[in-house]
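Here, residue 1 is the first one in the sequence, and each next residue gets the next number.
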Amino acid sequence: MRRLRAEVVVPGTAELGECPVWDEGRGLLLWVDLPRGMIHTYTPTPSTLTPSTPTPRTPAPSHGRPPPTPPGTTTSTSLDSTSSNLATPWGSTTPGSMSSVALGSAPSRGRATSSPDLLEGTDFPGRGAPGTGLRGGGSGGRGGDPRAGMVTAIAPRRGGGLVVARGDRLTLEPGGVPLGRWELPHDTRFNDGAVDPWGHFWIGTMCTDRPGTAALYRVAPDGRTTTELAGVTCSNGLGWAPDHRTMYYIDTPARTLDAFDVHEGRISGRRVVARVRGGLPDGLAVDEDGCVWVAVWDGAAVHRYTPEGRLDTVVETPCARPTSCAFGGGTLYVTTAAPDGGSLLAVTGVGGGVPPTPFAG
């Protein structure tokens with residue numbers, strides 16, 4: 001088994017970093033600070049990371065089946081850089097820098113616009129050029145509901161902008177346009193989410209006070225919603241194999257990495273691929289060889305599992321609570337949580353990942 005170590009590329013900017021996703025068109029990473037309702041971006045430079053020695057990777061079995069071609073995934077998506085408070089971070093980020101934006105807690109009507117309180121600059125120490133912190137909005141939520149001030153998951157949209165999970169609702173940005181109709185119980189909130197190869201947004205909920213009462217949903221581009229999995233407690237990592245025939249999933253308290261068969265975008269045949277030891281499984285990423293990288297909360301590590309469930313790589317992290325991971329530009333990025341984390345980490349020499357699909361809505 002090989003052992004690698006992640007290095008810090010953006011130190012201590014998040015209380016709870018989550019949901020990293022790579023924007024191929026602009027060559028940058030996006031991730032969220034969940035309780036603060038912040039979206040961060042990071043643009044690496046060639047000198048930002050110290051290359052690791054590449055090691056052979058374990059390819060996934062092809063079973064002689066060619067991968068299907070999902071609709072609408074042949075071109076990369078660029079985020080909207082012409083309007084709204086989402087324009088500034090992606091329009092002005094320079095290599096080796098970081099930017100942030102707070103979406104606020106209240107939905108807006110029509111097209112959102114930038115405001116002066118979103119343009120307050122803050123230098124971040126570390127490697128590369130200084131970044132800019134863009135702060136604004138609010139974190140208290142509607143009617144004192146803290147969920148409304150959260151941003152728990154994001155994904156690029158095919159036509160530009162983002163789909164955003166805000167704790168108790170989904171919106172399309174820019175504009176704060178509601179996606180679907182949601183009436184979550186007061187003790188339940190959205191958690192991790194990802195887009196499948198067919199352009200649907202999958203989003204899970206969590207309710208640790210009432211185990212087994214949360215769920216995993218599939219949201220179509222027109223907002224129609226299907227409950228794909230019930231009996232969940234803390235829905236976390238989601239990812240699809242390179243041939244799109246397997247979906248990987250984590251319900252954290254179960255301490256397992258699970259897999260489903262996928263047929264025409266729907267899931268069946270749930271099974272345990274691996275039992276995660278040494279901490280709690282959180283977010284995940286699937287690499288180009290079909291292996292799954294799992295962030296291990298309270299385990300100070302990211303584990304790589306083959307499709308057969310064999311642990312073949314451990315990435316040691318300089319913080320106890322890695323939360324999720326994503327591939328981008330030949331690098332594996334890892335988000336982390338406070339108190340000893342909150343930084344963005346990276347590890348090179350591990351190959352690439354399955355390219356993310358934009359939300360088709």
Side-chain angles (χ1 to χ4, degrees), residues 16 18-19 32 34-35 141 145-155 163-170 179-196 200-220 223-240 246-263 265-286 292 294-299 303 305 309 321-325 335 337:
L16 176 55
E18 274 284 7
C19 197
V32 308
L34 188 153
D145 186 346
R147 298 175 302 173
M150 298 176 177
V151 174
T152 74
I154 56 174
V163 54
V164 178
R166 293 176 176 255
D168 64 340
R169 57 203 164 95
L170 306 182
L179 177 64
R181 299 180 62 182
W182 303 94
E183 294 183 1
L184 300 181
H186 72 280
D187 59 354
T188 302
R189 69 164 172 83
F190 286 122
N191 201 39
D192 209 352
V195 180
D196 71 17
H200 295 76
F201 186 58
W202 291 63
I203 183 72
T205 56
M206 61 177 288
C207 181
T208 55
D209 291 336
R210 294 183 294 118
T213 60
L216 176 66
Y217 304 95
R218 181 171 62 97
V219 184
R224 288 181 296 174
T225 302
T226 305
T227 302
E228 293 291 339
L229 189 63
V232 174
T233 299
C234 182
S235 186
N236 256 311
L238 288 158
W240 286 263
T246 303
M247 187 187 86
Y248 294 100
Y249 176 68
I250 288 172
D251 182 5
T252 292
R255 297 176 181 260
T256 59
L257 170 64
D258 293 349
F260 294 83
D261 297 321
V262 180
H263 179 68
R266 305 301 298 271
I267 58 173
S268 63
R270 185 176 186 174
R271 57 198 178 274
V272 173
V273 174
R275 299 192 181 276
V276 179
R277 307 188 188 281
L280 295 171
D282 201 330
L284 64 80
V286 183
V292 187
V294 177
V296 185
W297 175 277
D298 278 340
H303 292 176
Y305 296 93
R321 292 180 167 177
T323 58
S324 192
C325 51
T335 51

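- Residues Trp182 and Tyr217 place their aromatic rings such that the two centres sit under 6.0 Å apart.
- A side-chain hydrogen bond (donor to acceptor under 3.5 Å, both in side chains) check over residues 228-239, counting only residues at least two apart or in different chains, returns the pairs Asn191-Asn236, Arg218-Glu228, Glu228-Arg266, Ser235-Tyr249, Asn236-Thr252, Asn236-Asp282.
- In summary, the side chains of Trp202 and Asp196 do present a donor paired with an acceptor at a separation below 3.5 Å, with no hydrogens or angles considered.
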Trace of the salt bridge (charged side-chain N to carboxylate O under 4.0 Å, His left out) decision for Arg321 with Asp298: CA-CA 5 Å; Arg321 292 180 167 177; Asp298 278 340; 2.9 Å; yes
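- With a 6.0 Å radius and a threshold of 12 heavy atoms from other residues, nucleotides or ligands, Arg271 has its CZ atom above the threshold.
- Results of the side chain to side chain contact (heavy atoms under 4.5 Å, CB included) test with Tyr248 over Asp258, Val273, Leu238 single out Val273 as the only residue that passes.
- Counting only heavy atoms from C-beta outward, the side chains of Leu34 and Val151 never approach each other to under 4.5 Å.
- Thr323 OG1 to Glu18 CD: the interatomic distance, rounded to the nearest 0.5 Å, is 4.0 Å.
- Summarising the geometry of Ala215 relative to Val232, their closest heavy-atom pair is N-CB, 3.8 Å, with the distance given to 0.1 Å.
- In this structure, Thr225 contributes its side chain and Gly223 its backbone to a donor-acceptor pair below 3.5 Å.
- Taking both residues in full, the closest heavy atoms of Phe190 and Ala165 are given as CB-CB, 4.3 Å, listed atom of the first, atom of the second, then distance.
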For the pair Arg189 and Met206, evaluate side-chain contact (heavy atoms from CB on, under 4.5 Å) and give the outcome as yes or no after the intermediate values. CA-CA 6 Å; Arg189 69 164 172 83; Met206 61 177 288; 3.3 Å; yes
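- The structure places CZ of Arg166 at 11.5 Å from CD1 of Ile154, a figure rounded to the nearest 0.5 Å.
- In this structure, the side chain of Arg147 engages the main chain of Thr188 through a donor-acceptor pair within 3.5 Å.
- Counting heavy atoms from C-beta on, the side chains of Leu179 and Val219 come closer than 4.5 Å.
- Annotation: Arg270, atom CZ; neighbour count of heavy atoms from other residues, nucleotides and ligands within 6.0 Å is above 12.
- Looking only at side-chain heavy atoms (C-beta outward), Val262 and Trp240 come within less than 4.5 Å of each other.
- A distance of 8.5 Å separates CD1 in Ile250 from OG in Ser324, rounded to the nearest 0.5 Å.
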